[in-house]
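Letters A, B, ... mirror the listed sequences (proteins, then strands); counts begin at 1.
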Protein chains: 2
Amino acid sequence: MTGKFCACIAQSMQYHRAPATTTFPELFELFVQAVLPQSLADAAYLQLQAMGRYASAVAGGVILEDGDQHQVVFVAQGATKLVAHASGGREQVVAFHFEGDLISVSSRGAHSYTLCALQDCELVAFPAEDFLGLARSEPGLLNEVLDRVLTSLSRSREKLITLGRKTAQERVAGFLVTMAERIGTPREGGCLLHLPMSRRDMADSLGLTIETISRQLTELREAGLIATSGRSDVHICDIAALEARAGQLAAAA
Amino acid sequence: MTGKFCACIAQSMQYHRAPATTTFPELFELFVQAVLPQSLADAAYLQLQAMGRYASAVAGGVILEDGDQHQVVFVAQGATKLVAHASGGREQVVAFHFEGDLISVSSRGAHSYTLCALQDCELVAFPAEDFLGLARSEPGLLNEVLDRVLTSLSRSREKLITLGRKTAQERVAGFLVTMAERIGTPREGGCLLHLPMSRRDMADSLGLTIETISRQLTELREAGLIATSGRSDVHICDIAALEARAGQLAAAA
DNA sequence: GGAGTTCATTGACCAGGATCAATGACCGGC
DNA sequence: GCCGGTCATTGATCCTGGTCAATGAACTCC
């Protein structure tokens with residue numbers, strides 16, 4: 001699962017995209033390519049096209065809030081965070097999403113959630129009930145959805161280990177490794193990372209403070225494992241060493 | 001210290017289970033009642049019956065390990081924990097399961113998982129591929145599975161908030177509230193709770209140490225919110241107050 | 001390209017929970 | 001019922017990461 005990155009994933013990172021001149025059919029086509037099974041019946045395809053709505057959000061904007069109709073959202077372009085709100089203004093980023101991801105926020109718990117855009121985003125949104133209703137009669141689609149939800153569950157559980165049992169250094173190193181796998185670009189034996197999220201987002205994702213994030217990044221930089229440039233560019237020089245710090249630091253025994 | 005509160009909880013709790021004389025058909029029937037949709041075709045029913053295997057585990061025993069064939073497991077009786085292993089012997093309990101729950105462990109991450117019995121368990125296990133393959137042609141079943149996976153995802157995300165942003169007191173109070181909802185018995189305006197897990201399991205679930213769990217329980221007891229008896233019986237006297245402590249303690253501002 | 005604002009870094013200090021250590025309760029086996 | 005091991009509780013101390021505060025870098029807007 002770790003080790004050899006990106007080659008397949010990286011849609012060469014363009015820094016700050018052109019204004020959204022994309023049309024709905026173009027976005028929908030991206031959705032079709034990324035999500036729909038080959039086998040899908042034409043009728044279902046048309047139904048999906050009819051129920052899908054184009055949506056866009058500027059960086060920092062809210063895409064979905066707690067009271068909203070339950071939606072299934074496809075990220076055609078951009079990046080988002082799913083934030084849970086605890087009392088006292090505390091926030092926990094529960095997941096990040098990037099191009100090609102399918103998001104379903106089913107809030108059955110005691111906390112409220114908000115889906116926010118990290119960058120300018122282009123999205124296709126479906127009313128969840130209609131979407132799943134259709135999927136119910138299209139096993140191929142339902143299966144694809146199940147698979148993606150299982151991936152989300154798996155990611156969420158990996159995050160539980162991080163938040164429950166890892167040190168600040170392990171969390172930050174692990175975060176960089178995960179991001180490298182998801183949105184990194186191979187470069188000179190290392191990996192180039194353009195992080196779409198702020199230090200605060202990282203902190204809220206890792207259960208730390210921005211100060212601790214900053215200190216840990218400094219430490220990794222001084223250890224020669226990463227190099228930084230500006231606020232959001234990170235060059236990972238030694239991925240193996242970073243992976244070691246992500247899980248083994250306190251291993252010793 | 002604990003002694004004086006014992007009076008609150010009479011010895012009304014039955015200490016457990018008759019030996020497992022249950023037959024596979026009986027267990028399978030429980031599975032059918034709990035999981036299968038009404039609409040399921042007879043053929044599918046028979047196929048499920050054929051692929052399901054009876055399994056049992058004694059308290060503390062391992063049900064599934066990392067290297068095992070990927071299974072879907074139905075808990076007919078007993079309780080289980082799903083544990084993730086981090087380096088240095090650190091463990092994180094990722095989920096608890098009780099009677100009627102359906103478990104799917106799809107480990108796509110960097111850590112290994114073990115499914116363990118907390119009590120003597122009776123289970124029905126299906127090879128995941130066969131099960132999902134059948135479900136693919138039975139939308140009703142696939143939909144039920146999706147629904148349960150979404151519930152797992154939701155629980156996992158609620159847990160992320162707990163581990164990322166809550167204090168020890170909030171975690172323990174929240175844990176008791178959640179357990180009360182899942183396995184509590186209403187009693188005298190409060191709720192009686194027989195916890196099948198040890199302090200260590202609670203600690204590994206909440207990202208704390210057993211000492212901290214113990215101190216927090218003591219504090220809640222001294223505040224009159226709970227009464228304890230023995231190692232595993234807890235009487236929740238004031239659920240509302242406990243809920244308040246679960247989320248609002250640091251609210252103030 | 002300079003001013004202003006937001007965001008990140010660094011430092012000093014503090015506290016919540018971990019760790020280490022000892023005692024005590026619970027429960028299972030005879 | 002007593003004995004032994006395991007598990008839970010309590011106390012003393014330590015340390016990681018949080019908090020508060022100040023400086024500095026980076027991006028935005030004209």
Nearest-nucleotide 5' precedence on DNA chain D, A/T209 against B/R231: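 Final value for this comparison: B/R231.
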5' precedence on DNA chain D between A/S229 and A/G207 (nearest-nucleotide basis):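 Between the two, 5'-proximity favours A/G207.
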Just how far, in rounded Å, is [atom2] of [N] from [atom1] of [X]?
X      : N      : atom1 : atom2 : result
B/Q169 : C/dG16 : CD    : C1'   : 12 Å
B/I213 : D/dC7  : CD1   : P     : 16 Å
B/D201 : D/dT6  : CG    : P     : 17 Å
A/D233 : C/dA8  : CG    : C1'   : 15 Å
B/L217 : C/dG17 : CG    : P     : 14 Å
A/M202 : C/dC7  : CE    : P     : 15 Å

Validation row: B/I213, B/L217 side chains within 4.5 angstrom (heavy atoms):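 When only atoms from C-beta onward are counted, B/L217 and B/I213 do touch, with a gap below 4.5 Å.
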CA sep, side-chain torsions, deciding dist, call: A/Q77, A/E99, side-chain hydrogen bond (donor to acceptor under 3.5 Å, both in side chains): CA-CA 5 Å; A/Q77 191 169 76; A/E99 294 176 16; 4.8 Å; no
A/R245 side chain vs A/A173 backbone, donor-acceptor pair below 3.5 Å: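 Not a single qualifying donor-acceptor pair exists.
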Return no unless some side-chain N or O of [X] is found under 4.0 Å from OP1 or OP2 of [N].
X      : N      : result
B/R199 : D/dT9  : yes
B/T212 : C/dG17 : no
A/T218 : C/dT10 : yes

Proximity to the side chain of B/E211 - top-ranked nucleotide from C/dC26, D/dT10, D/dT19: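 Output: D/dT10.
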Polar side-chain contact A/R221-C/dT9 base: donor and acceptor under 3.5 Å: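 Flag unset: no donor-acceptor pair detected.
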Whichever of A/S198 and A/R215 has its nearest DNA chain C nucleotide further upstream toward 5':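 Between the two, 5'-proximity favours A/S198.
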Polar contact flag, side-chain donor to acceptor under 3.5 angstrom, A/T80-A/H97: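 The answer is yes; a qualifying pair exists.
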